[in-house]
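Values below: every heavy atom of this structure, side chains too, minus hydrogens, waters and symmetry copies. All ligand and atom numbering here is 1-based and tracks the order in the structure.
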Amino acid sequence: MSFKEQILLGIPDELPLVKIYDTSVNHAPRRKDILNDPEKNLALKNALRYFDQKHHRTLLPEFRNELETYGRIYMYRFMPDYKIYARPVEDYPGNCLQAKSIMLMIQNNLNPDVAQHPQELIIYGGNGAVFQNWAQYLLVMQYLAQMEEDQTLAIYSGHPMGLFPSHKNAPKVVVTNGMMIPNYSKPDHWEKYNALGVTQYGQMTAGSFMYIGPQGIVHGTTITVLNAGRKIAKNNEDLSGKLFVTSGLGGMSGAQPKAGNIAGCITICAEVNLKAVNTRFSQGWVDIIISDLKELTQFVLKAKENKEVVSIAYHGNIVEVWEHFDKENIYIDLGTDQTSLHNPWAGGYYPVGMSYEAANEMMVENPEQFKEKVRESLCRQTDAINKHSVKGTYFFDYGNAFLLEASRADAKIYKNEKGGFVSASYFEKGADEDIPFAYQSYVQDIMGPLCFDYGFGPFRWVCASGNEADLDKTDEIAASVLEKLKTSAPKEIQSQLQDNIHWIKNAKKNKLVVGSKARILYADAVGRIEIAKAFNDAITAGKIGPVILGRDHHDVSGTDSPYRETSNIYDGSKFTSDMAIQNVIGDSFRGATWVSIHNGGGVGWGEVVNGGFGMVLDGSKESEYKLKSMLFWDVNNGLARRSWARNDEAIFSIKRAMEQEPKLKITLPNIVKDSLFLD
Ligand SMILES: NC(=O)c1ccc[n+]([C@@H]2O[C@H](COP(=O)([O-])OP(=O)(O)OC[C@H]3O[C@@H](n4cnc5c(N)ncnc54)[C@H](O)[C@@H]3O)[C@@H](O)[C@H]2O)c1
């Protein structure tokens, strides 16, 4: 049967053969056994409703076994036999370009070269899912192949509710992931309702079909390290000879050594999982592996002396590095952490003093003891970081919930009136109350004021033809648009434009394209619109094929996340999520091809609401109208909110946008003088 025929078949009427569990593939960890017996039966009933009754007796024991063994029902038997990867868009069956483009993006996410645990449909971050099971995948692909231009597919946490009549300009797909009644949004609610098969953790670009592999994260991390370097520079000097210490060589964290090399510093990245160390080393993303602290010390001292640009994977626990370098008095210029603390109890963070294997066993066999070990480790890590910070290290939270989880562990992550480090209990308040941490998050200090408040964020595109030549042409187009904009841009955004011109001109050389022919750069509203318009013109002229636009959710407007994207909002509204909801609604009626809104992503379930879009450009006049309308809103919605929160850079940016577009009328804040409160 051809690929197209298999897609059109959906869930096959005849059961496919049982699949052998492939141990050569990276699999999701066994999930918590959280359901009681009646709930397990409910999970099984939920899973079986995808199949004809005649198959229930065969599938019941099989699904029960999956639930007992892995904690979830993935329906491995239904994994397709064809290769899953982003094919040229015309290879997909279907009635409209938009639906075929969405199939391309879904398959790109699930490509085993791109996805973290492809057989469990997990793309990154350990739990970022596209679908909960293979039946959902088969049904969604079938619906997309059948879809007419005037229909919309509603997807609830991976489950396709069905095709609904809509209209030609409506989004073709509306995705919601993990949306919960707010009181049911604690981590164990995810474990339970995901095990029941009724919700999923979509992360950000995973459940919205917009993940493009490591390129996005390498670019974002490079921008962060470069701007962090600007922050600590005393005389405008660059990062050469400076030491950057961090952890994690996983899905996103694995970008750090590569980004450190592009930014030009010495990077140490600690990682407990040897598999992850070897993967990044074999990809050439990290230059050398060291497993001994003494050897690490000697190597770093020499690298500092020679101002080498080099990245080191330390195979071991990050706490050891912080503590040892304090003892040896090795100066760390920049420090952060990228363990998966958004998921602290189920493999996101490995406590110091025990092996990787022992930790994996304890988290399942004795979860309470494991939690205690994690807390102790976070306290030790924080103490060591505090000692370095007193010596001058600039430490920032990298959006992985390090500060939040350290505070919950009662680590000394706050400062008292005298500047001494104290834990939450000092304030006689709970850790989750809004006490400022001793350190800032990378968004508070770096990405917020230098990028998001000027509208700069992660704009990306995919060449739907699958042709390398199209990608080269779009690189050239984007570079020339940014260069032109730079000639008349205000001084406030010159360095952001320059960083991205440099990036896009070298992007091909960095060889970061995995899967679809995709590219990323940071641009503001004007930049995004001008680049997209130039692409649309090139499509009209027949120079390139269709282009799919999108972005990371880690952006100006799409995400409300009080410890990350909106952590530099200081009017109290960072704990609200109106912006993310407004954003996705606004995108959906301004021309997005698909939209998505998620609970959870990056910092954890219940900690963030984030959304995104995809938009297919086909060279038509409608495409031009839609891109202008939607991209303008997609950035300026967030700038309006950031400006209302009194962020100077955002006030500057939104005033500029109003000058450019007379129909934009924004409520501006009146600044209240602090002296008013001194009387
Ligand atoms: N890179 C970014 O721009 C960015 C932005 C925001 C958030 N994040 C966050 O960063 C975190 C990491 O993301 P990821 O996709 O790499 O997750 P991941 O789970 O794939 O990787 C984390 C790695 O940390 C390792 N690790 C855990 N505890 C350790 C310890 N104590 N010492 C050394 N290594 C340890 C794990 O073995 C794992 O390989 C997530 O919480 C994510 O949300 C990253």
Side-chain angles (χ1 to χ4, degrees), residues 26 28-29 115-117 122-128 201 203-206 211 213-214 216-225 228 245-259 268-280 285 313-323 336-357 359-360 363 373-374 376-378 380-381 384 396-405 441-443 446-447 458 552-555 559 561 563-565 567 600-605 607-608 610:
N26 194 352
Q116 187 183 19
H117 309 305
I122 300 289
I123 310 308
Y124 69 90
N127 51 7
Y201 198 90
Q203 273 280 4
M204 298 186 127
T205 49
Y211 189 64
I217 198 63
V218 172
H219 174 262
T221 312
T222 306
I223 294 286
T224 307
V225 178
V245 168
T246 182
S247 57
L249 285 172
M252 291 203 278
S253 49
Q256 295 176 107
K258 176 106 184 159
I268 297 177
C269 205
E271 169 59 64
V272 288
N273 179 353
L274 188 59
K275 245 189 186 173
V277 171
N278 288 335
T279 303
R280 292 309 184 193
W285 283 36
Y314 170 67
H315 176 222
N317 200 294
I318 182 61
V319 183
E320 295 160 9
V321 180
W322 284 110
E323 289 183 343
T336 189
D337 187 87
Q338 259 198 63
T339 56
S340 273
L341 273 164
H342 69 274
N343 178 29
W345 318 127
Y349 182 87
Y350 286 83
V352 66
M354 62 194 305
S355 72
Y356 179 66
E357 292 72 23
N360 278 333
M363 73 181 79
K373 291 273 178 208
V374 168
E376 279 168 25
S377 185
L378 281 170
R380 268 175 67 177
Q381 188 170 342
F396 59 95
D397 181 294
Y398 210 151
N400 62 337
F402 176 81
L403 295 174
L404 183 65
E405 286 306 329
S441 89
Y442 73 121
V443 175
I446 304 167
M447 301 308 275
D552 194 338
H553 297 194
H554 181 42
D555 197 4
T559 295
S561 181
Y563 299 102
R564 212 168 84 176
E565 285 78 355
S567 56
V603 287
W605 180 252
E607 307 285 357
V608 47
N610 64 94

Shortest protein heavy-atom distance from [atom], along with the residue and atom involved:
atom	answer
atom 42 (C) of ligand 1	Met252 CE, 3.5 Å
atom 44 (C) of ligand 1	Gln338 OE1, 3.2 Å
atom 28 (N) of ligand 1	Tyr350 N, 2.9 Å
atom 29 (C) of ligand 1	Thr339 CG2, 3.2 Å
atom 2 (C) of ligand 1	Ile217 CD1, 3.3 Å
atom 27 (C) of ligand 1	Gly348 O, 3.3 Å
atom 37 (O) of ligand 1	Glu271 OE2, 2.6 Å
atom 19 (O) of ligand 1	Ser340 OG, 2.7 Å

May I ask whether [X] places a heavy atom under 4.0 Å from ligand 1?
X	answer
Tyr398	yes
Arg564	yes
Gln116	yes
Gly604	no
Ala270	yes
Gly220	no

Residue-level breakdown please: for [X] versus ligand 1, do any non-hydrogen atoms fall below 4.0 Å on the side chain, on the backbone, on both, or on neither?
X	value
Val352	neither
Tyr442	side chain
Gln256	neither

* Donor-acceptor side-chain pairing of Glu320 and Tyr314 below 3.5 angstrom -> yes
* Steps toward side chain to side chain contact (heavy atoms under 4.5 Å, CB included) verdict (Gln381, Tyr349) -> CA-CA 12 Å; Gln381 188 170 342; Tyr349 182 87; 2.7 Å; yes
If we only count N/O pairs under 3.5 Å, is [X] in contact with ligand 1?
X	value
His554	no
His342	yes
Ile318	yes
Tyr124	no
Gly251	yes
Tyr356	no

* To do: Using heavy-atom distances, let me know which of Ser253, Gly125, Pro344, Gly128 sits nearest atom 16 (O) of ligand 1.
  =>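 Among Ser253, Gly125, Pro344, Gly128, the closest heavy atom to atom 16 (O) of ligand 1 comes from Ser253.
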* Asked: For atom 21 (O) of ligand 1, which of Ala359, Gly347, Gly250, Ala259 has the closest heavy atom?
  -> Gly250
* Where do Trp322 and Val245 land on the side chain to side chain contact (heavy atoms under 4.5 Å, CB included) test, with the steps shown first? -> CA-CA 8 Å; Trp322 284 110; Val245 168; 4.2 Å; yes
* Residue Asn400 vicinity, atoms of ligand 1 by number, heavy atom under 4.0 Å -> 9 (C), 10 (O), 11 (C), 41 (O)
